[in-house]
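We name chains A, B, ... by the order of the sequence lines, and we start the count at 1 in each one. Only heavy atoms go into these numbers, but all of them, side chains included; no hydrogens, no water, no symmetry mates.
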Protein chains: 2
Amino acid sequence: MGITKTEIFTDQQNQVSTFAKAFGHPARVAILQHLFKINACICGDLVEEIGLAQPTISQHLKELKTLGLIKGNIEGTSICYCIHTENWTKMKAVMLQFLDQDISKENCC
Amino acid sequence: MGITKTEIFTDQQNQVSTFAKAFGHPARVAILQHLFKINACICGDLVEEIGLAQPTISQHLKELKTLGLIKGNIEGTSICYCIHTENWTKMKAVMLQFLDQDISKENCC
DNA sequence: TATATTTATTGCAATATTACGATTAAAGAA
DNA sequence: TTCTTTAATCGTAATATTGCAATAAATATA
């Protein structure tokens with residue numbers, strides 16, 4: 001069946017997994033790191049920087065944009081992509097809540 | 001062609017994406033949260049708790065185990081799964097390094 | 001207008017993931 | 001040994017993801 005049963009999970013669990021899925025490909029990790037590093041970017045740069053074909057990069061950018069983690073401003077014939085700082089902060093809060101769970105000392109194993 | 005080109009990315013980028021992929025399904029998020037909550041678990045509990053079939057849960061557990069995020073001890077006919085706290089801490093360090101990138105104020109957009 | 005540049009979209013092939021029924025394996029109980 | 005319980009594995013169908021060539025769209029420039 002191959003289809004994730006999102007309806008049986010909480011909103012928080014679905015949120016965590018949606019963000020995590022976005023980070024679940026090294027190209028998207030690399031894109032985000034590059035955007036953080038140079039703090040402004042056009043797609044062409046990324047194609048050279050990352051080494052995947054232009055349509056592939058464009059597709060990854062679209063996913064990140066749909067999720068709201070990046071935004072793109074048109075600048076002439078190119079597009080200036082950058083981190084959506086507000087949404088990045090919100091995402092971080094969701095992920096940290098998940099990652100920072102308390103580990104009780106009395107562990108069974 | 002459906003195959004991720006891991007070889008063109010850094011170890012760190014591949015590490016982040018590998019961990020993120022594990023969290024990229026709500027069932028695995030739910031499993032981990034449940035393990036944190038009750039701090040010991042058998043697979044049967046999870047099947048009831050989460051509402052997916054036993055083979056499906058077993059498959060998700062296997063992925064988490066392979067990644068080293070959980071460990072399982074045999075206890076009679078059942079298996080006691082729990083968080084691998086050491087590895088969880090290591091994973092957290094990798095993820096935090098990625099999530100906590102500095103956002104410069106002079107953003108282009 | 002015609003041309004060049006840059007990014008998005010389409011279409012498709014290859015691979016990966018998700019889910020579960022059926023079965024197997026392992027260990028305790030009768 | 002046989003039965004029961006619990007979890008893993010196998011096999012398979014459905015769906016999702018990845019990657020790119022070809023093409024389209026949008027805008028700047030000659």
Side-chain angles (χ1 to χ4, degrees), chain A residues 1-9 13-14 17-31 34-35 40-67 70-82 109, chain B residues 1-9 13-14 17-31 34-35 40-67 70-82 109:
Chain A
M1 303 172 173
I3 186 164
T4 298
K5 293 188 170 175
T6 53
E7 70 277 8
I8 65 173
F9 301 103
Q13 287 163 345
N14 283 315
S17 65
T18 301
F19 285 131
K21 200 181 268 181
F23 305 142
H25 193 289
R28 291 190 289 267
V29 171
I31 286 171
H34 193 63
L35 288 181
C41 198
I42 59 169
C43 180
D45 275 0
L46 288 166
V47 173
E48 280 181 45
E49 176 74 19
I50 293 173
L52 290 171
Q54 180 266 324
T56 309
I57 298 292
S58 189
Q59 196 173 297
H60 285 305
L61 285 169
K62 191 182 176 186
E63 281 180 66
L64 293 172
K65 201 177 173 187
T66 302
L67 247 184
I70 63 175
K71 50 184 174 180
N73 280 21
I74 297 168
E75 275 191 14
T77 56
S78 56
I79 293 186
C80 166
Y81 275 110
C82 60
C109 311
Chain B
M1 298 172 179
I3 188 163
T4 297
K5 294 187 168 176
T6 52
E7 71 277 7
I8 65 173
F9 301 102
Q13 288 163 344
N14 283 318
S17 65
T18 301
F19 285 131
K21 199 180 267 182
F23 304 143
H25 193 289
R28 291 189 290 267
V29 171
I31 286 171
H34 192 65
L35 288 182
C41 199
I42 57 170
C43 180
D45 275 359
L46 288 166
V47 173
E48 278 180 46
E49 177 74 18
I50 291 171
L52 291 170
Q54 181 267 322
T56 309
I57 298 292
S58 190
Q59 199 172 293
H60 286 304
L61 285 169
K62 191 182 176 185
E63 281 180 63
L64 293 172
K65 200 177 172 186
T66 301
L67 246 183
I70 64 175
K71 51 185 172 178
N73 280 22
I74 297 168
E75 277 192 13
T77 56
S78 55
I79 293 184
C80 166
Y81 276 109
C82 59
C109 312

S.K.: Rounded to whole angstroms, how far apart are CD1 on A:Ile3 and C1' on D:dA16?
M.R.: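 Atom-to-atom, A:Ile3 to D:dA16, this comes out as 10 Å.
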S.K.: Between P on C:dT17 and NE2 on B:His60, what's the gap in Å once rounded to a whole number?
M.R.: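 Distance, rounded to whole Å: 12 Å.
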S.K.: For the helix from C:dT1-D:dA30 to C:dA30-D:dT1, how many degrees between its two end axes (five pairs per end), to the nearest 10°?
M.R.: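 What I find for the helix from C:dT1-D:dA30 to C:dA30-D:dT1 is an axis angle of 10°.
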S.K.: Under 3.5 Å, side-chain donor or acceptor atoms of residues 18-26 of chain B against the rest of the protein: list the pairs with distances, not counting sequence neighbours.
M.R.:
residue, atom, partner, partner atom, Å
B:Thr18, OG1, B:Asn14, O, 2.7
B:His25, ND1, B:Ala27, N, 2.9
B:His25, NE2, A:Thr4, OG1, 3.4

S.K.: For A:Ile50, check side chain to side chain contact (heavy atoms under 4.5 Å, CB included) against everything at least two apart and list the hits.
M.R.: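 With sequence neighbours excluded, A:Ile50 shows a side chain to side chain contact (heavy atoms under 4.5 Å, CB included) to A:Ala30, A:Ile31, A:Leu46, A:Leu52, A:Ile57, B:Phe9, given in chain and number order.
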S.K.: Rounding to an integer number of Å, can you tell me how far B:Glu63 CD sits from C:dA19 P?
M.R.: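 So the CD-P distance, B:Glu63 to C:dA19, works out to 10 Å.
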S.K.: Would you kindly give the CD-to-C1' distance between A:Glu75 and C:dT5, to the nearest whole Å?
M.R.: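 My rounded result for the distance is 15 Å.
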S.K.: Can you pull the side chain to side chain donor-acceptor pair (under 3.5 Å) pairs that have at least one residue in residues 42-63 of chain B, sequence neighbours excluded?
M.R.: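 Residue pairs with at least one partner in residues 42-63 of chain B: B:Arg28-B:His60, B:Arg28-B:Glu63.
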S.K.: Can you check whether B:His25 has a side-chain N or O nearer than 4.0 Å to OP1 or OP2 of C:dA19?
M.R.: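 Checking B:His25 against C:dA19: at least one side-chain N or O falls below 4.0 Å of OP1 or OP2.
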S.K.: Check the phosphate of D:dT17 against B:Lys5, side-chain N and O only, distance under 4.0 Å to OP1 or OP2. Yes or no?
M.R.: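 False: B:Lys5 side-chain N/O out of range (4.0 Å or more) of D:dT17 OP1/OP2.
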S.K.: Between N or O atoms, less than 3.5 Å apart, protein on one side and nucleotides 3-11 of chain D on the other: list the pairs.
M.R.:
residue, atom, partner, partner atom, Å
D:dA7, OP1, B:Cys43, N, 2.9
D:dA7, OP1, B:Gly44, N, 3.3
D:dA7, OP2, B:Gly44, N, 2.8
D:dA8, OP1, B:Tyr81, OH, 2.4
D:dA8, OP2, B:Ser58, OG, 2.6
D:dA8, N7, B:Gln54, NE2, 2.7
D:dA8, N6, B:Gln54, OE1, 2.9

S.K.: Nearest whole angstrom, please: distance from the C1' of C:dT17 to the CG of B:Leu67.
M.R.: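 Interatomic distance, CG of B:Leu67 to C1' of C:dT17: 15 Å.
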S.K.: Out of D:dT18, C:dA19, C:dT17, which nucleotide sits closest to the side chain of B:Lys21?
M.R.: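 The answer is C:dT17.
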S.K.: Distance from B:Ile8 atom CD1 to B:Gln13 atom CD, nearest 0.5 Å?
M.R.: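 Output value for this atom pair is 9.5 Å.
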S.K.: When A:Leu61 is tested against each of A:Ile70, A:Ile79, A:Thr66 for side-chain contact (heavy atoms from CB on, under 4.5 Å), which residue passes?
M.R.: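 Among A:Ile70, A:Ile79, A:Thr66, the one that satisfies the side-chain contact (heavy atoms from CB on, under 4.5 Å) with A:Leu61 is A:Ile70.
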S.K.: Tell me: CD1 of A:Ile74 to C1' of D:dA28, nearest whole Å?
M.R.: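 One finds 13 Å between C1' of D:dA28 and CD1 of A:Ile74, rounded.
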S.K.: Students often get this wrong, so: under 4.0 angstrom with heavy atoms, is B:Leu52 touching a base, only sugar-phosphate, or nothing?
M.R.: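 Here B:Leu52 touches the backbone only, sparing every base.
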S.K.: Rounded to whole angstroms, how far apart are CD1 on B:Ile50 and P on C:dT18?
M.R.: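 Those two atoms, CD1 and P, are 14 Å apart.
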